[in-house]
Protein chains: 2
Amino acid sequence: MAVLTIQSCAARSSPGRLVRRIDKLMANLVESRFEDTGVSFVQWIALKVVRDGVARNAGDLARELSITTGATTRMIDVLEARGFLVRDRGSADRRVVQLAVTDEGHALVEQLQHRVVEAWNEVLVDFEQDEVDVVVAGLIKLLAAAERVCGCPDRHKELAE
Amino acid sequence: MAVLTIQSCAARSSPGRLVRRIDKLMANLVESRFEDTGVSFVQWIALKVVRDGVARNAGDLARELSITTGATTRMIDVLEARGFLVRDRGSADRRVVQLAVTDEGHALVEQLQHRVVEAWNEVLVDFEQDEVDVVVAGLIKLLAAAERVCGCPDRHKELAE
DNA sequence: ATGCATTGTCTGCATATGCAGATATTGCGC
DNA sequence: GCGCAATATCTGCATATGCAGACAATGCAT
């Protein structure tokens with residue numbers, strides 16, 4: 001408690017700075033390997049969570065991607081136009097837009113998934129399995145703490161995973 | 001090595017997903033406490049690294065913020081217009097734009113720094129000091145690994161910190 | 001000293017996203 | 001059934017950023 005001091009709050013070694021930089025670098029790294037497909041990293045994540053049933057409609061998807069529903073609408077527009085995804089205005093509740101990946105989208109997710117794993121494994125080559133586990137565990141705890149303080153609106157149904 | 005599997009590469013517990021979400025949440029959290037100042041989180045970081053001498057010119061600042069020099073130019077425009085920062089076309093090399101915070105900028109950094117520390121400490125309230133150290137150490141190693149794979153262009157002078 | 005490659009910053013244009021209001025649908029109380 | 005609050009998505013507009021080329025200053029080879 002009271003763990004961060006003035007000196008460390010925005011230093012190179014502050015958690016905030018580190019997560020930001022890692023996020024940017026990894027997104028760029030992965031995206032550089034998607035170039036032939038014209039699909040962005042975020043678009044790939046969108047397709048993946050829809051395919052895996054983690055996001056079934058537009059609102060779910062927005063929460064999964066940590067972007068607004070407005071931004072999500074437009075991303076779905078693009079993915080639908082490119083034939084990777086289809087909208088389906090639900091018959092039960094006609095407000096919600098059910099999402100499903102097409103065969104083409106499914107194939108794309110599969111293909112790019114291997115590239116993502118490969119990139120991460122190149123980065124993690126000098127890590128032992130338990131080192132990774134420790135980092136991930138720490139991040140999970142940190143995220144939970146941040147969500148608590150933010151009174152996080154997306155404490156949504158825990159689609160076990 | 002070969003630590004990430006297909007299953008875990010984009011799951012809720014993947015390092016990539018976690019760092020992205022933590023970054024977004026913390027940026028929003030901090031920014032919500034800056035509202036009265038009209039300064040964004042990134043703008044505050046910019047002022048801070050300039051004040052601390054970590055970034056002395058526009059190029060340095062771009063690397064510190066992980067954004068392009070073009071975006072940096074415009075951010076400097078705003079901060080200069082608001083009187084927090086001054087440009088000074090260097091006399092030694094007239095290409096570089098030396099940066100310095102004004103008295104007003106200095107005061108702002110000081111004031112907001114306390115809010116940032118406070119926010120982080122609220123998040124970290126259930127962490128022991130050594131838990132934080134472990135997470136930070138893991139992130140530092142992860143960042144170094146990512147920079148290695150990216151052939152990172154900003155392995156710039158190690159302004160010790 | 002001249003020409004040319006390099007470097008640092010800036011600018012024009014495109015995209016991604018946030019925000020706030022609009023629209024459509026649902027469900028609830030009466 | 002009617003009116004109204006709540007919900008899910010969409011749209012218009014503003015901003016932040018990336019990218020690629022422009023421009024200015026420097027320094028190096030000759």
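- Per the geometry, CZ belonging to B:R89 stands 15 Å off P belonging to D:dC23, to the nearest Å.
- Note on B:R21 versus A:E147: salt bridge recorded, some NZ/NE/NH1/NH2 to OD/OE distance being below 4.0 Å.
- The nearest heavy atom of DNA chain D to A:V97 and to B:T68 marks one nucleotide each, and the one closer to the 5' end goes with A:V97.
- For A:K24, the side-chain atoms get nearest to D:dG18 when compared with the rest of D:dG18, D:dT9, C:dC10.
- Under 3.5 Å, the side chain of B:R95 and the base of C:dT7 form at least one donor-acceptor pair of N or O atoms.
- Scanning all heavy atoms of the two residues, the minimum distance from B:A27 to A:R20 falls at CB-NH2, 3.7 Å.
- With respect to B:E110, the salt bridge (charged side-chain N to carboxylate O under 4.0 Å, His left out) criterion is satisfied by exactly one of B:R51, B:K48, B:R115: B:R51.
- Straight-line distance from the CZ atom of B:R56 to the P atom of C:dT9: 14 Å, rounded to whole Å.
- Between the CD1 atom of A:I67 and the P atom of C:dT15 there is a distance of 17 Å, given to the nearest Å.
- Across all their heavy atoms, B:L79 and B:A46 have their closest contact at CD1-CB, 4.1 Å.
- Applying the 4.0 Å criterion to OP1 and OP2 of C:dG8, one finds that B:R87 has every side-chain N and O outside that range.
- Comparing A:R94 and A:Q43 by the nucleotide of DNA chain C that holds the closest heavy atom to each, the one mapping nearer the 5' end is A:Q43.
- Toward the 5′ end of DNA chain D lies the nearest nucleotide of A:A58, the other residue of the pair A:N28 and A:A58 mapping further downstream.
- Across the protein-nucleic acid pair, B:L99 atom CG and C:dT9 atom P stand 8 Å apart, rounded to whole Å.
- Between A:R74 and A:D77 there is no salt bridge, since none of the side-chain N atoms of the basic residue sits less than 4.0 Å from a carboxylate O of the acidic one.
- Across all non-hydrogen atoms, the minimal contact from A:F41 to A:E31 is N-OE1, 2.9 Å.
- In the region residues 69-78 of chain B, proximity to DNA chain C at under 4.0 angstrom, judged on heavy atoms, holds for B:T69, B:G70, B:T73, B:R74.
- C:dC19 atom C1' lies 13 Å from atom CD of B:E31, rounded to whole Å.
- C:dG8 atom C1' lies 10 Å from atom CZ of B:R63, rounded to whole Å.
- Between the CG atom of A:L61 and the C1' atom of D:dA8 there is a distance of 14 Å, rounded to whole Å.
- A:A92 comes within 4.0 angstrom of the backbone, heavy atoms only, and of no base.
- A salt bridge does not link A:E104 to A:R82: none of the charged side-chain nitrogens sits closer than 4.0 Å to a carboxylate oxygen.
- Whole-Å rounding puts the A:L79 CG to C:dA16 P distance at 10 Å.
- The side chain of A:D93 lies closest to C:dT26, out of C:dG18, C:dC10, C:dT26.
- Residue B:N57 has its side chain nearest to C:dT9 when only C:dT26, D:dC10, C:dT9 are considered.
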